[in-house]
Amino acid sequence: MDKGKMDENEWGYHGEGNKSLVVAHAQRCVVLRFLKFPPNRKKTSEEIFQHLQNIVDFGKNVMREFLGENYVHCGEVVQLPLDFVKQLCLKVQSERPESRCDKDLDTLSGYALCLPNLARLQTYHFAEHRPILCVEIKPKCGFIPFSSDVTHEMKHKVCRYCMHQHLKVATGKWKQISKYCPLDLYSGNKQRMYFALKSLLREAQNNLKIFKNGELIYGCKDARSPAADWSELAHHLKPFFFPSNGLASGPHCTRAVIRELVRVITRVLLSGSDKGRAGALRLGPRSQGPCVCEASPFGRSLRHQGKSSLECSGLPKGR
Ligand SMILES: O=P(O)(O)O[C@@H]1[C@@H](OP(=O)(O)O)[C@H](OP(=O)(O)O)[C@H](O)[C@H](OP(=O)(O)O)[C@H]1OP(=O)(O)O
Ligand SMILES: Nc1ncnc2c1ncn2[C@@H]1O[C@H](COP(=O)(O)OP(=O)(O)OP(=O)(O)O)[C@@H](O)[C@H]1O
C-alpha cells in the first residue's frame, strides 16, 4: 500500500464493533481497522500505536499458537496521512448504524491496522470466476463455569449468552430473544449444531453476517434495521447450491437453500481436514462444566418433534 497516495474514494465502510471501525478497499483485498473512542477520550498517538501493536502481538504470540498460522491474520500497524483519515471519517459517517455513533473513529493519530479482507479472500485458484462467499460467526463463550468461585446457582446451568439475551431485549439492544446457544454450536453433535445455525439465521443480531464478493448480503446492523430476509439470501445463494435449477423460487426453494447452507456450514465446522492445531484442540480434554445449557430451546424442540434423544454424531459423548 502506497501510504503517500491514499484516496478516501477508493475505500468504503465495511463494518464495526464496539472498539473498531473497518473500511475496505474497493479493488484490492485489504481492509483498514481503526480504533474508536467515546468523544473527549484523549489518547496520545503513542498509546494508540501501542494498543494496535498489542493486537498484532496477541495474534502472533497467542492466537497463532492455538489456532495455527493458516488461520490467523495478524496484520500490521500502518501510519496514514491525517488528511486521508479525516476525509474517510466524513465519508463513512452516514453509513454507520446509529447505535454505534456513541464512539468516534480516531482521526488524530493516523494509525490503523492493515489486514487482508477476509470477506473477499481468494483461497482456491480454480474458483477465480466464482463469487466468493464469506460466513462470519461470532459464536460467543461456549462453556458453563464449574468453579466453586461462581456462587450464583443459575450461572452453573445457563450460559452467559443465553442470560445476556434477556438483558439485551430488555434494554432494547435487540428486539427478540434468539434461540441460538453457543453450547449447541460447539457440541459437535450435528442436530444441535443444525439447530444453533438455523437459530442464528433466524435472529442474526451481531452474531452472523454473510458476504458475497465482500458485500454484506445477510446480517443486522442494529435493532432499528429491518429483519434480514431469507428469500433475498436464498436468491443470492441459489446459484451455489442449485446451479441448474434456474427457475424454481418461492418459499419451498428458500427453505431448501437455507437447509443446504446450514448443512454446508455444519460440515465445514466438523471437517477434520485441517492438520493444524485447531484440529488437535478439538480432540483435547473434555471440558468439565455441563455441556448443555438449560436455557437452550433445543431439548424442547426435540420433544416437540416427538424425539426423546439425539442421533449419534460420531463424536465422543458429551462433546
Ligand atoms: O460482554 P459481552 O459478552 O456482551 O460481549 C461484548 C460484546 O457484546 P455482545 O454480547 O457480543 O453483543 C461486544 O460486541 P459488540 O461490539 O457490541 O458487537 C464487544 O465484543 C465487547 O468487547 P470489547 O469490550 O469491545 O472488547 C464484548 O465485551 P467483553 O466480553 O469483551 O467484555
Ligand atoms: N480482516 C477483516 N476482513 C474483513 N472484515 C473484517 C476484518 N476485520 C474485521 N472485519 C469486519 O469488521 C467488523 C468489526 O470488526 P471487529 O469485530 O474486529 O470490531 P471490534 O469493535 O474490534 O470488535 P468487538 O465488537 O468485539 O469490540 C467485523 O464484524 C467484520 O465484519
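If you're wondering where the values come from, they're calculated on a predicted model, not measured in any experiment.
- Val78 has its side chain out of reach of Leu113: every pair of non-hydrogen atoms, C-beta onward, lies at least 4.5 Å apart.
- Side chain of Trp230 to backbone of Leu201: a donor-acceptor contact under 3.5 angstrom is found.
- A donor-acceptor contact shorter than 3.5 Å links the side chain of Glu47 to the backbone of Thr44.
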Which is it for Lys138 and Asn206 under the side chain to side chain contact (heavy atoms under 4.5 Å, CB included) test, yes or no, and what are the steps along the way?
CA-CA 7 Å; Lys138 171 165 154 171; Asn206 54 352; 3.8 Å; yes

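- In this structure, the side chains of Asn213 and Ile132 come closer than 4.5 Å at one or more pairs of heavy atoms.
- The side-chain contact (heavy atoms from CB on, under 4.5 Å) check on Lys179 picks up Phe195, Ser199, Pro297, with sequence neighbours excluded.
- For the pair Lys221 (side chain) and Glu95 (backbone), a donor-acceptor distance under 3.5 Å is present.
- Rounding to the nearest 0.5 angstrom, the gap separating the CG atom in Leu200 from the OH atom in Tyr218 is 9.5 Å.
- Asp229 contributes atom CG, which lies 9.5 Å from atom NE2 of His236 (distance to the nearest 0.5 angstrom).
- Taken from CZ in Arg192 to CG in Leu197, the straight-line distance is 12.5 Å, to the nearest 0.5 Å.
- Residue pairs meeting the ring-ring contact (aromatic ring centres under 6.0 Å, His included) criterion with at least one partner in residues 14-50, sequence neighbours excluded, are Trp11-His25, His14-Phe211, Phe49-Tyr111.
- Rounded to the nearest 0.5 Å, atoms NE2 (His235) and OG1 (Thr254) are 11.0 Å apart.
- In this structure a side-chain-to-backbone donor-acceptor pair under 3.5 Å is missing from Asp106 to Leu35.
- Using modelled atom types and a 3.5 Å distance limit, the side chains of Gln165 and Gln205 yield a donor-acceptor pair.
- Judged by distance alone, with hydrogens and angles left aside, the side-chain atoms of Arg96 form a donor-acceptor pair with the main-chain N or O of Arg100 at under 3.5 Å.
- Remark: Lys60 NZ to Cys74 SG distance equals 6.5 Å, nearest 0.5 Å.
- Put simply, the side chain of His156 never gets that close to the backbone of Ser148: no donor and acceptor are under 3.5 Å apart.
- Under 3.5 Å, the side chains of Lys36 and Asn18 contain no donor-acceptor pair of N or O atoms.
- In Gln53, the CD atom is crowded: over 12 heavy atoms of neighbouring residues, nucleotides or ligands sit closer than 6.0 Å.
- Of the N and O atoms on the side chains of Glu65 and Asn61, not one donor lies less than 3.5 Å from an acceptor on the other residue.
- When each of Asn207, Leu185, Leu183 is paired with Tyr161, the side-chain contact (heavy atoms from CB on, under 4.5 Å) condition holds for Asn207 and for no other.
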